[in-house]
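In what follows, a structure is listed as structure tokens, so that the remarks can point back to it.
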Amino acid sequence: MHKLLPLAAFFVAAPAAAQGSPADSVSQERLQSDVASLVGFGTRHTLSEQDSETRGIGAARRWGEAQFRTASSACGGCLEIALPERMIQGNRVPEPTRLVNVVAIQRGTERPDEVVIVQGHIDSRVSDVADFASDAPGANDNASGTALVIEAARVLSQRKYPTTIVYALFSGEEQGLYGGQLLADYAKEQGWTVKAVLNNDIVGGSCGSDGYCDDAHVRVFSEGPRADLTDQIRAAQRRNGGENDSPGRNISRWLDDLAEADPAGLDVRQIWRTDRMGRGGDQIPFLENGYPAVRISVAVEDYDHQHQDLRVEGGVTYGDTIDEMDFPYLAKVTRLNVRALDELARAPLPPTPTAEAAVQTFTEITWDEVPGAVGYTIWQRRTDEPYWRETPVIENVVATSAKLEGVRGDDWIFGVSARAADGTQSPVASAVPAGGFAPISETQS
């Protein structure tokens with residue numbers, strides 16, 4: 001990440017709580033064992049067997065549920081297991097098919113309806129997306145993300161948090177993001193206030209099909225203009241800015257800063273598009289529902305070992321097999337997720353700020369009080385700068401407004417983050433049209 005010259009800081013924030021990081025408990029060996037177990041189901045295609053105990057999506061799904069229940073037993077029953085389901089049919093689902101997600105909910109002690117979600121799809125496929133009979137090991141896509149979610153549940157469930165963490169395993173991703181849509185709808189039905197969604201999809205490899213390798217970076221994809229913009233707010237963004245300040249984009253910036261604080265971990269490569277070119281993932285239904293979400297994925301993809309029949313052709317071995325994975329890399333991605341979840345579950349929600357600066361030589365920034373926040377931090381950057389400056393404008397503001405004398409707002413983008421009592425900071429929310437983290441439908445109701 002390119003760091004920019006800091007602005008003057010006027011206050012010093014309280015230090016974060018001094019305790020060991022739960023990321024230190026992430027086990028590479030457990031991750032590898034879990035991926036091997038998932039590959040062992042032969043195929044996890046959404047249209048495969050539902051009732052077999054050893055093969056198909058049903059067996060894999062029940063195995064995932066069992067892992068969550070074991071983790072819950074280890075923390076005294078702290079995880080609630082939910083199995084949202086619906087019948088689906090569509091272009092890639094020719095017959096009505098039962099779709100089931102496996103969800104573990106670790107309720108927050110103070111704000112249980114405020115949630116952060118970590119998720120990965122459990123289903124797999126081969127070259128023909130309709131082929132549910134052939135072996136589809138799906139090691140990197142996406143046993144890697146599934147194992148990451150389960151490991152996060154094992155580690156983080158040993159602690160208590162003021163807000164809720166949701167661990168989710170989806171079916172139906174390869175058929176059209178059905179599992180992601182099911183949980184996005186479930187979140188709305190539950191009345192959850194979604195702070196952030198971390199979608200982990202293809203997170204266990206470090207070399208591409210062309211031999212290019214990169215085990216030092218992980219990509220974070222984030223949308224620009226929000227998927228749930230109304231015509232009115234889209235017009236306001238055209239006038240006043242905000243195209244680069246969606247909640248997802250600010251989560252991406254926040255993850256980049258978080259990663260840089262761990263020199264032994266991975267560096268975040270921010271990809272400022274919703275997903276890879278011409279492709280998609282389970283973060284998209286959340287974005288369409290107005291929830292902040294990003295996709296986390298490997299720095300370089302291996303197309304010979306993704307969505308491929310198991311075969312050798314022209315001297316090239318194809319298929320998404322476990323021997324093509326990089327488990328030290330998967331462990332690093334898992335640790336980054338765990339660190340992010342730990343901080344997001346301790347931090348308050350980002351505020352929803354507004355900036356007033358028209359025809360005046362000062363800027364007034366206001367926001368509503370955020371539950372769990374003991375102070376707020378104001379950030380500023382030029383309109384052509386990509387990142388928030390390293391040092392904020394003002395730290396530890398205890399009011400819900402600030403006046404920046406001599407700052408002509410036309411030339412700047414402003415943002416505000418919230419601070420918990422232990423010093424944990426939320427991501428920044430930008431003071432632009434639709435910069436807040438709530439769905440636009442809720443802010444206009």
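These numbers come from a predicted model, not from an experiment. Values reported hereafter were calculated over all heavy atoms of this structure, with side chains retained and with hydrogens, waters and symmetry mates removed.
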Is a side-chain donor or acceptor of [X] paired with a backbone partner of [Y] at a separation under 3.5 angstrom?
X	Y	value
Thr163	Ala345	yes
Ser72	Leu79	yes
Asp201	Gly281	no
Arg249	Glu223	yes

Under the ring-ring contact (aromatic ring centres under 6.0 Å, His included) rule, collect the residues that match up with Tyr186, sequence neighbours excluded.
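Result, ring-ring contact (aromatic ring centres under 6.0 Å, His included) vs Tyr186: Trp192.
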What residues, two or more places apart in sequence or in another chain, satisfy ring-ring contact (aromatic ring centres under 6.0 Å, His included) together with Trp367?
Tyr376
Smallest separation among heavy atoms of Asp302 and Cys207, with atom names
CB-O, 3.4 Å
Heavy-atom pair of closest approach, residues Asp326 and Ser206:
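Minimum heavy-atom separation between Asp326 and Ser206: OD2-OG, 2.7 Å.
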Using a 4.5 Å cut-off on heavy atoms from C-beta on, say whether the side chain of [Y] contacts that of [X].
X	Y	result
Gln380	Thr363	no
Lys195	Glu114	yes
Trp63	Leu38	yes
Glu174	His121	yes

What pairs with Arg238 under side-chain contact (heavy atoms from CB on, under 4.5 Å), at least two apart in sequence or on another chain?
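Expected list: none.
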Pair [X] + [Y], salt bridge at N-O below 4.0 Å:
X	Y	answer
Asp34	Arg30	no
Arg381	Asp245	yes
Asp185	Arg86	yes
Arg62	Glu65	no

Among Glu301, Arg125, Glu324, whose side chain to side chain donor-acceptor pair (under 3.5 Å) with Gln306 holds?
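Output: one option passes, namely Glu301.
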Give me each pair satisfying side-chain hydrogen bond (donor to acceptor under 3.5 Å, both in side chains) with a member in residues 226-237, each pair once, sequence neighbours excluded.
Arg226-Asp228, Asp231-Arg234
Counting neighbours of CG on Asp384 that are heavy atoms of other residues, nucleotides or ligands and sit closer than 6.0 Å, is the number greater than 12?
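Buried by this count: over 12 neighbours within 6.0 Å.
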Contacts satisfying ring-ring contact (aromatic ring centres under 6.0 Å, His included) that involve residues 163-185 (not counting sequence neighbours) are none
Determine the sole option in Val197, Asn101, Asn289 for which the side-chain contact (heavy atoms from CB on, under 4.5 Å) test with Leu183 is passed.
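Answer to the side-chain contact (heavy atoms from CB on, under 4.5 Å) test with Leu183 among Val197, Asn101, Asn289: Asn101.
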To the nearest 0.5 angstrom, please state how far the CD1 atom of Ile117 sits from the CD1 atom of Ile165.
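With rounding to 0.5 Å, CD1 (Ile117) is 11.5 Å from CD1 (Ile165).
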Output side-chain donor-acceptor pairs under 3.5 Å for residues 353-362, partner residues at least two apart or in another chain, one line each.
{"from": "Thr354", "atom 1": "OG1", "to": "Thr366", "atom 2": "OG1", "distance (Å)": "2.9"}
{"from": "Gln360", "atom 1": "NE2", "to": "Glu356", "atom 2": "O", "distance (Å)": "3.1"}
{"from": "Gln360", "atom 1": "NE2", "to": "Phe362", "atom 2": "O", "distance (Å)": "3.1"}

